[in-house]
Protein chains: 2
Amino acid sequence: MPHAIINDLASRYTAKRYDPTRKISAADLAVIYQALQLSPSSINSQPWKFIVVSSDEAKARLHDTFASQFQFNQPHAKAASQTILFAYNPYYTRTHYGAVVDQQISDGRASPAERDQQFGAFGFVDLNTDENGYNGNWTKAQTYLALGNLMHVLARLGIDSTPMEGVDKTRIGELFAPELNGYVCEVALAIGYHHPDEDYNASLPKSRLPIEQVVSVI
Amino acid sequence: MPHAIINDLASRYTAKRYDPTRKISAADLAVIYQALQLSPSSINSQPWKFIVVSSDEAKARLHDTFASQFQFNQPHAKAASQTILFAYNPYYTRTHYGAVVDQQISDGRASPAERDQQFGAFGFVDLNTDENGYNGNWTKAQTYLALGNLMHVLARLGIDSTPMEGVDKTRIGELFAPELNGYVCEVALAIGYHHPDEDYNASLPKSRLPIEQVVSVI
């Protein structure tokens with residue numbers, strides 16, 4: 001019998017149609033939100049916002065962002081239980097990291113006297129920042145850590161999901177400007193329960209490259 | 001009592017010293033390798049190689065890559081049970097995706113007659129490729145999905161880990177050139193069991209920004 005972890009990973013897949021009548025329970029949503037908060041990130045930077053599109057009003061806005069691109073993902077906006085926008089800070093600064101450091105002091109990881117020393121880790125940000133202060137490639141990569149973590153969480157919870165790079169980042173930037181506050185969303189995750197009849201992907205076999213092509217033990 | 005998922009995520013942390021006498025079991029390694037293979041990626045592209053540094057010879061090579069940078073991570077090279085190099089393909093092409101498509105056909109996700117149609121998804125690669133054919137920002141982000149997934153797997157297995165952006169990608173590129181074969185490693189994950197006395201991070205509290213600052217439900 002395969003390991004429980006492999007069972008979870010082998011059974012998850014990308015849902016292609018959602019059952020609009022099924023919603024994720026409040027208890028599971030609480031786990032999902034806390035798992036997002038607990039996601040690891042480089043130097044604990046947490047350079048992200050997770051915007052959970054849940055109300056009819058927000059779903060209608062998300063639906064409208066698919067007006068001109070990636071229309072195959074548009075149905076998920078209204079039919080999925082929620083869609084989570086994974087947004088990154090394209091200009092992560094010492095001020096942003098200062099909030100992390102102060103939280104670490106408040107949580108007892110360092111004393112107030114060690115505050116300056118805690119900024120040593122910020123060197124990793126400098127290494128990934130260009131002359132205009134842009135470090136969006138680095139902060140975006142961190143959101144993929146959170147996404148990989150959350151997709152595993154959802155598999156454990158038996159909740160279906162659809163990772164979508166097929167989102168119109170410009171339209172999302174416009175229609176969700178108040179919530180994004182300068183952050184950028186280029187990937188989103190629809191979550192919910194797949195449609196019992198209309199999800200062609202539910203019954204297709206999983207496919208991966210042979211393990212010896214991707215994993216080398218040396 | 002917290003949910004098992006939250007327990008796992010709250011108990012994982014970045015190990016800062018490994019117990020060199022403790023090795024990961026073959027059974028757990030098999031789960032780890034299969035979990036890497038099963039990691040999700042955009043359009044199932046799998047634009048990665050996971051190189052598991054396991055032998056004394058390979059560990060000595062990895063140790064040497066820390067000669068001039070990030071020496072605080074150097075001890076892990078020899079003391080951790082293994083270190084996994086997460087490497088991405090900086091020039092992912094239709095040929096690479098063709099191998100994925102052929103695997104999908106072989107696994108029964110599509111018929112041979114549908115081969116051309118399967119390349120429709122390749123548009124996502126084009127969107128992320130510059131005029132020189134470089135798409136390393138996109139393929140690198142996919143490796144962070146795999147990393148986020150694997151860090152969750154390790155938490156479930158009770159195995160400690162250390163994600164390291166603090167690796168010398170140039171030296172790794174040189175010393176692991178035969179294994180990388182043109183792929184690029186900018187992040188690695190040491191795995192094993194923390195040192196019982198010398199891991200200062202084992203007893204420090206976890207710290208995260210307040211949930212209302214990172215998760216907005218709208």
Side-chain angles (χ1 to χ4, degrees), chain A residues 3 5-6 9-10 12 14 31 33-40 42 44 46 48-55 58 99-100 103-104 106-109 124 137 140-142 144-153 156-157 163 165-166 179 204-211 214-218, chain B residues 3 5-6 9-10 12 14 31 33-40 42 44 46 48-55 58 99-100 103-104 106-109 124 137 140-142 144-153 156-157 163 165-166 179 204-211 214-218:
Chain A
H3 196 285
I5 290 173
I6 302 306
L9 289 173
R12 71 145 293 285
T14 295
V31 171
Y33 301 158
Q34 210 178 338
L36 285 168
Q37 183 195 17
L38 288 169
S39 289
S42 181
N44 202 22
Q46 307 167 71
W48 48 43
K49 285 185 198 293
F50 307 110
I51 298 169
V52 185
V53 175
S54 195
S55 67
V100 170
Q103 185 68 44
Q104 291 178 168
S106 159
D107 287 334
R109 285 187 60 84
F124 280 101
N137 286 321
K140 180 181 171 180
Q142 308 307 321
Y144 277 66
L145 264 184
L147 181 60
N149 178 52
L150 187 65
M151 288 170 73
H152 194 116
V153 166
R156 289 178 77 173
L157 292 171
E165 290 186 344
E179 291 89 357
L204 288 178
K206 186 170 281 295
S207 176
R208 288 292 187 271
L209 294 170
I211 196 163
V214 291
V215 178
S216 313
V217 183
I218 61 171
Chain B
H3 195 285
I5 290 173
I6 301 307
L9 289 173
R12 71 145 292 284
T14 295
V31 171
Y33 301 159
Q34 209 178 338
L36 285 168
Q37 182 194 18
L38 287 169
S39 289
S42 181
N44 202 21
Q46 305 166 72
W48 48 42
K49 287 184 196 293
F50 307 110
I51 299 169
V52 185
V53 175
S54 195
S55 68
V100 170
Q103 186 68 45
Q104 291 179 168
S106 159
D107 287 334
R109 284 188 60 83
F124 280 102
N137 286 322
K140 180 181 172 181
Q142 308 307 321
Y144 278 66
L145 263 185
L147 182 59
N149 178 52
L150 188 65
M151 288 171 74
H152 194 117
V153 166
R156 290 179 75 172
L157 292 171
E165 290 186 344
E179 291 89 355
L204 288 178
K206 184 169 284 294
S207 176
R208 290 292 187 270
L209 294 171
I211 196 163
V214 292
V215 178
S216 314
V217 183
I218 63 171

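Proteins get letters first, then strands, A, B, ... in listed order; numbering begins at 1 in each. Only a predicted model underlies this, so the values are computations on that prediction, with no experimental measurement involved.
Considering only heavy atoms from C-beta on, B:Leu38 comes within 4.5 Å of A:Ile6 through its side chain. Residues B:Ser39 and A:Arg208 have side chains not in contact (no heavy-atom distance under 4.5 Å, counting atoms from C-beta outward). Inter-residue side-chain proximity for B:Arg156 and A:His152 is flagged as met; some heavy-atom pair is nearer than 4.5 Å. Put simply, the side chain of A:Lys140 does not reach to within 4.5 Å of the side chain of B:Asn137, judged on heavy atoms. Using a 4.5 Å heavy-atom threshold, the side chains of A:Leu157 and B:His3 count as touching.
Heavy atoms closer than 4.5 Å to chain B are found in both the backbone and the side chain of A:Tyr33. Neither the backbone nor the side chain of B:Pro163 comes within contact range of chain A; no heavy atom of the residue lies under 4.5 Å from a heavy atom of that chain. In this structure, chain B has heavy atoms under 4.5 Å from both the backbone and the side chain of A:Pro205. Both the backbone and the side chain of A:Ile218 come within less than 4.5 Å of a heavy atom in chain B.
Of all the listed residues (A:Pro40, A:Ala10, A:Gly108, A:Ala35), the one sharing the greatest number of non-hydrogen pairs under 4.5 Å with chain B is A:Pro40. Most heavy-atom pairs under 4.5 Å with chain A, from the set B:Val215, B:Leu150, B:Val100, B:Leu147: that is B:Val215. When each of B:Ser106, B:Gly148, B:Ala99 is scored by its heavy-atom pairs under 4.5 Å with chain A, the top score falls to B:Gly148. Per-residue heavy-atom pair counts under 4.5 Å with chain A were compared for B:Met151, B:Gln104, B:Gln103, B:Gln142, and the maximum is reached by B:Gln103. Top candidate by heavy-atom pairs under 4.5 Å with chain B, chosen from A:Gly166, A:Ser55, A:Ser207, is A:Ser207.
Rounding to the nearest 0.5 Å gives a distance of 11.0 Å between CG of B:Asn149 and CG of A:Leu145. A:Leu204 CG to B:Asp107 CG: the interatomic distance, rounded to the nearest 0.5 Å, is 11.0 Å.
Side-chain N or O atoms of B:Gln46 include one that pairs as donor or acceptor with a backbone N or O of A:Leu209 at under 3.5 Å.
Taking every heavy atom of both residues into account, A:Pro210 and B:Gln37 meet most closely at C-NE2, 3.9 Å. In this structure, A:Phe124 and B:Glu165 approach most closely via the heavy-atom pair CE2-C, 3.7 Å. Of all non-hydrogen atoms in A:Ser54 and B:Val217, the two that sit nearest each other are CB-CG1, 3.9 Å.
Of the N and O atoms on the side chains of A:Glu179 and B:Ser216, not one donor lies less than 3.5 Å from an acceptor on the other residue.
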